[in-house]
Amino acid sequence: METYGIEKLGIINPKAVYRNLTAAQLTEAAIKRGEGKLSKTGALVVTTGKYTGRSPKDKFIVDTPAVHDDIAWGSVNVPIEKEKFDAIKAKIVAYLQNREIFLFDGMAGADPVCTRKFRIVNELASQNLFIRNLLIRPTKEELENYGEPDFTVIAAPGFKCIPEVDGVNSEAAIMVDYEEKLVLICGSQYSGEMKKSVFSVMNFLMPKEGVLPMHCSANMDPETNETAVFFGLSGTGKTTLSADPNRKLIGDDEHGWSERGIFNFEGGCYAKCINLTEENEPEIYNAIKFGSLVENVVMDDETREFDFDDDTLTENTRVGYPVDYISNAQIPGVGGIPKVVIFLTADAFGVLPPISRLDQNAAMYHFVTGFTSKLAGTERGVTEPQPTFSTLFGEPFMPLDPSVYANMLGERIEKYNTKVYLVNTGWTGGPYGVGSRMKLKYTRAMVTAALNGEFDNVEYKHDDVFNLDIPQSCSNVPSEIMNPRDTWADKEAYDVQAKKLAKMFQDNFAKKYPNMPKNIAEAGPKAD
C-alpha cells in the first residue's frame, strides 16, 4: 500500500491512504462512511456537531526559542509548551492508526514567487473535500513533482482532548508549531479551523518576504484590470460584495500584497449561507452544487431542498466551493496594485455612515482599530451582534506585532496613492433590534461608486463625532440614507449612541495602541 510518506508523521499503520482524490471520489466516500448526505443540487451536506464556528479560546502557538521574539503574545496568540504539543501529537497519531487517511497536497499563494506547499491529513473524507476546494489544487504534473510540503496540517476531529490531562481548555485544540512546521486540529469538525490555520501560517511567513498578508476579498475590472480589496471580519460582506457579476473575482478572504500586485492565498471560497437567495447573491447560490461542501444548513430529508433561513443549527451556515464555481473568477488569482481599499464594518449601534472617505491617517487608524460587530455564530457563544475591535480586521490570525502589518499597509497606500473608504454594512435607522440591516443593493451601489471614481466629484459633509468625510450623494441610493442621523426617528437617541461608540473607539485605541503616532491617534472619533 502506498503511504505517501505519512510514516514521517508517526502514522505507521493506516488502514488505507488516499491522496488527492477527486471531488466525486471524496463525496462518494463521505456518503459511504455516513459523514453526510447529498442535496437536491448535488452538494455534500454535513453537520459539525457543537462546534459550528471557530473556537478562539482553544487556539495555541507553540512557544519555542526560534519564534518567541516574533510572536505578539497575549490573549489572542496564546503560548503552549512544546512538551504539551508533542504529547497531544503523540495521542493524535496513535488515534489515527488503523484508520483511513485522506491526504490533500495543495498550495497556498497564487503568485508562484510566494507559493507554499501544504499537506493536509484528514480522518474525514468530507473535510478533505473542503480543503481540496479551499486550497489551490495542483496540476497532475505539480502533484508528481510535489516533493516535501512546507507545512503540514493534521485534522482529527474525532480525537477529544482531556483538558485537565492535556493542559488545554476543552476537548478541542488548534495548535501551530512554526518551528516544526506542523498544525494540529482536534476535537472540532468545523472546517474553517483548517482554512484559518493555513491563513495564520501565511501571515507569519509572508511579511518576512516583504509581502503584506490581508484578511480581505479582492476583485478587478475585467477591462482595465483595476483592482480593489475589501477588508472585514466574518459576516461583514467580504464574500458577498466581492462576488460582483460585473467584476472578476480574485478571491473572497485571504490575499497577499507584494510589489507585483495582489494574489489570492486560496483556490476556493467559504461563503455564509444564512438567508441566502438567488436574487440577492446569485453567484454564491449557484455555486452550491456537486463538489461543494455545505455545513450546518438545514435540509429537508425527503426533498433534499435547503432552508437557508433556518438557523436552528447555527447562524454561521457555510458552503465551501472552488473559486472557479464563480463564473467570473480570475484564474489564476492574481491582480494588480489595488486602486481602492474598502474597510467593511457591521455597526450594530446603527450610527456609522454607510460610506465615508478616509485620508491616510484615518485609514491607518481604522485599519489598526478594526471595528465591527461579531455576528451570530461566527464564534462559539456569540448569539447576537457584539461590538468588537479586531486589529487589522483579522486579529485572531495575525501572529506578528500589529505594527508590522499596519506599517506595510500605510507604506503601500502612500506609495500607490490608493483610495480608502469605510463602509458600514450593519444597521441604519436605529441600533440592532430597532433599526434594520443596510440593504445590500444600496451597499453594492456605494461600493460601485467608490470603484468607478464617482465620489471624486461629489459634495462631502464632515462628521465631527466620528471625524469622517461623508459623501452626500450616490447613484441609486436615496440621499437620506447617506447621513445616519437622518435615518433615526429620535435624533437625541442617535447623538447618545454616536458618542457612546466614539468613546469606545477612543478607549480601545488608548488601551491597545498607546505608542501609535499622534497624527494617527488624532484621526479617529472624538467623543467630546
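All of these numbers come straight from a predicted model, not from anything done at the bench.
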(Q) Given 3.5 Å as the limit, does a donor-acceptor pair link the side chain of R19 with the main chain of Y4, or not? (A) no
Q: Examine distances only and state if a side-chain atom of D177 and a backbone atom of K82 form a donor-acceptor pair shorter than 3.5 Å.
A: no
Looking only at side-chain N and O atoms, does [Y] offer a donor or acceptor that is under 3.5 Å from a partner on [X]?
{"X": "N508", "Y": "Y513", "result": "no"}
{"X": "T314", "Y": "N296", "result": "no"}
{"X": "E179", "Y": "T64", "result": "yes"}
{"X": "Y95", "Y": "E123", "result": "yes"}
{"X": "D401", "Y": "S403", "result": "yes"}
{"X": "Q189", "Y": "Y51", "result": "no"}

Q: For side chain to side chain contact (heavy atoms under 4.5 Å, CB included), just list the numbers for C186 and C161, CA-CA rounded to whole Å, side-chain angles, deciding distance to a tenth of an Å, and then say yes or no.
A: CA-CA 8 Å; C186 60; C161 293; 3.5 Å; yes
Q: Could you grab the distance from atom CG of D63 to atom CZ of F85, nearest 0.5 Å is fine?
A: 13.0 Å
Q: Might you point out which heavy atoms bring F397 and H215 nearest each other, and give the distance in Å?
A: CE1-CE1, 3.9 Å
**Q.** Taking every non-hydrogen atom, the tightest pair across R137 and D324
**A.** NH2-OD2, 4.4 Å
Q: Could you please spell out the steps behind the side chain to side chain contact (heavy atoms under 4.5 Å, CB included) verdict for L422 and F231?
A: CA-CA 10 Å; L422 179 68; F231 286 90; over 6 Å; no
Q: Give the C-alpha distance, both sets of side-chain angles, the deciding distance and a yes or no for side chain to side chain contact (heavy atoms under 4.5 Å, CB included) between V323 and E266.
A: CA-CA 8 Å; V323 70; E266 302 182 292; over 6 Å; no
Q | Reference residue D252; test side-chain hydrogen bond (donor to acceptor under 3.5 Å, both in side chains); the match among T240, N219, T239 | A | T239
Q: Determine the sole option in T317, T47, L44, V319 for which the side chain to side chain contact (heavy atoms under 4.5 Å, CB included) test with V294 is passed.
A: V319
Q) So among E35, R132, M194, which one has a side chain to side chain contact (heavy atoms under 4.5 Å, CB included) with Q127? A) M194
Q.
ring-ring contact (aromatic ring centres under 6.0 Å, His included), that's the test. Do Y432 and F349 meet it? Break it down for me.
A. CA-CA 6 Å; Y432 172 80; F349 288 92; over 10 Å; no
Q: From the options Y321, F130, F199, select the one residue that forms a ring-ring contact (aromatic ring centres under 6.0 Å, His included) with Y270.
A: F130
